[in-house]
Amino acid sequence: EDKVVQSPLSLVVHEGDTVTLNCSYEVTNFRSLLWYKQEKKAPTFLFMLTSSGIEKKSGRLSSILDKKELFSILNITATQTGDSAVYLCAVEKQAGTALIFGKGTTLSVSS
Amino acid sequence: GAVVSQHPSWVICKSGTSVKIECRSLDFQATTMFWYRQFPKQSLMLMATSNEGSKATYEQGVEKDKFLINHASLTLSTLTVTSAHPEDSSFYICSARELDTEAFFGQGTRLTVV
């Protein structure tokens, strides 16, 4: 059975801290891994990873994929209160198919 | 990025009535759209895959007669929750994607059945 597992499920940090969110997966016919940020409404796209070892970066956020060990991490440096959200990891099996989501990591950043 | 518009954003309905939720891709043609359901503090659970011009493919455990999906055009898919009950109260999200790109999500619809 395909599965996507995120850890930790929740995390509380202080502003300025650096956090690392984890996502491991077991799927057949892996194609890509995606990270989303969800606040009150629908998820917003962060990264799409298809190749191992290539870091993707956007501001204070970065992510990398390890296809051998079947996991990805999402790093957030110098966290701000606006980073508080649920971070979802999702895996795509074949082009154009539905994403398989993990349960998400709830990040709370306190000032 | 591409825009997916979902309407309404929230709806309250009485038990036993039906509710229709629309999902439109505004600037691209989506041959496939996906409907998800999300309970509080849970992840997105795929309900069905909606294919333009054909019947939707439902995930195991999702009642196709209760959750009617229509995908009549390349830019519009609808989800109708029939004979709604309080346990159907949830957050429903559609998504669509162009090949080889990330999935774009609608704004979601929060359904409350009273």
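Since this is a predicted model, take the numbers as computed values, not measurements. All heavy atoms count here, side chains included; hydrogens, waters and symmetry mates do not. Sequence lines set the chain letters: A, B, ... in the order given, protein chains first and strands last, and positions in each chain run from 1.
Residue Val81(B) is not grouped with residue Leu68(B) when hydrophobic side chains (ILVMFWY) are merged at heavy-atom distances under 4.5 angstrom, including chains of intermediate members. Clustering ILVMFWY residues whenever any of their side-chain heavy atoms sit less than 4.5 angstrom apart, transitively, puts Val62(B) in the very cluster that holds Leu111(B). Note on Leu65(A) and Leu21(A): same hydrophobic cluster, where clusters join Ile, Leu, Val, Met, Phe, Trp and Tyr whose side-chain heavy atoms are under 4.5 Å apart, directly or indirectly. A chain of hydrophobic side-chain contacts below 4.5 Å, direct or via other Ile, Leu, Val, Met, Phe, Trp or Tyr residues, connects Leu74(A) to Val13(A). Residues Ile64(A) and Trp35(A) are members of separate hydrophobic clusters, defined by side-chain heavy-atom contacts under 4.5 angstrom among Ile, Leu, Val, Met, Phe, Trp and Tyr.
For Leu34(A), the part lying near chain B is the side chain, with the backbone staying farther off; criterion is any non-hydrogen pair under 4.5 Å. Gln6(A) does not touch chain B: none of its heavy atoms, backbone or side chain, sits under 4.5 Å away. Proximity to chain A (any heavy atom under 4.5 Å) is restricted, for Ser9(B), to the side chain, taken from C-beta onward. Only the side chain of Tyr36(A) comes within contact range of chain B, with heavy atoms under 4.5 Å apart.
Taking a 6.0 Å sphere around NZ of Lys55(B), one finds it holds 12 or fewer heavy atoms contributed by other residues, nucleotides or ligands. Around NZ of Lys67(A), the count of heavy atoms belonging to other residues, nucleotides or ligands within 6.0 Å exceeds 12. The local environment of NZ in Lys3(A) is sparse, with at most 12 non-hydrogen atoms from other residues, nucleotides or ligands closer than 6.0 Å.
No side-chain heavy atom of Ser43(B) sits under 4.5 Å from any side-chain heavy atom of Val4(A).
Residues of residues 100-111 of chain A lying within less than 4.5 angstrom of chain B, judged on heavy atoms, are Phe101(A), Gly102(A), Lys103(A) in numerical order. Applying a 4.5 Å heavy-atom cutoff, the residues of residues 32-40 of chain B that approach chain A are Thr32(B), Phe34(B), Tyr36(B), Gln38(B).
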Candidate pair Lys41(A) and Ile93(B), rule side-chain contact (heavy atoms from CB on, under 4.5 Å), full reasoning: CA-CA 9 Å; Lys41(A) 294 197 173 181; Ile93(B) 309 177; over 6 Å; no
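The distance from the CZ atom of Phe105(B) to the CZ atom of Phe45(A) is 10.5 Å, given to the nearest 0.5 Å.
Here the shortest heavy-atom pairing between Gly106(B) and Ala42(A) reads O-CB, 2.6 Å.
If you tally non-hydrogen atom pairs under 4.5 Å between each of Arg110(B), Gln42(B), Gln107(B) and chain A, the highest count goes to Gln107(B).
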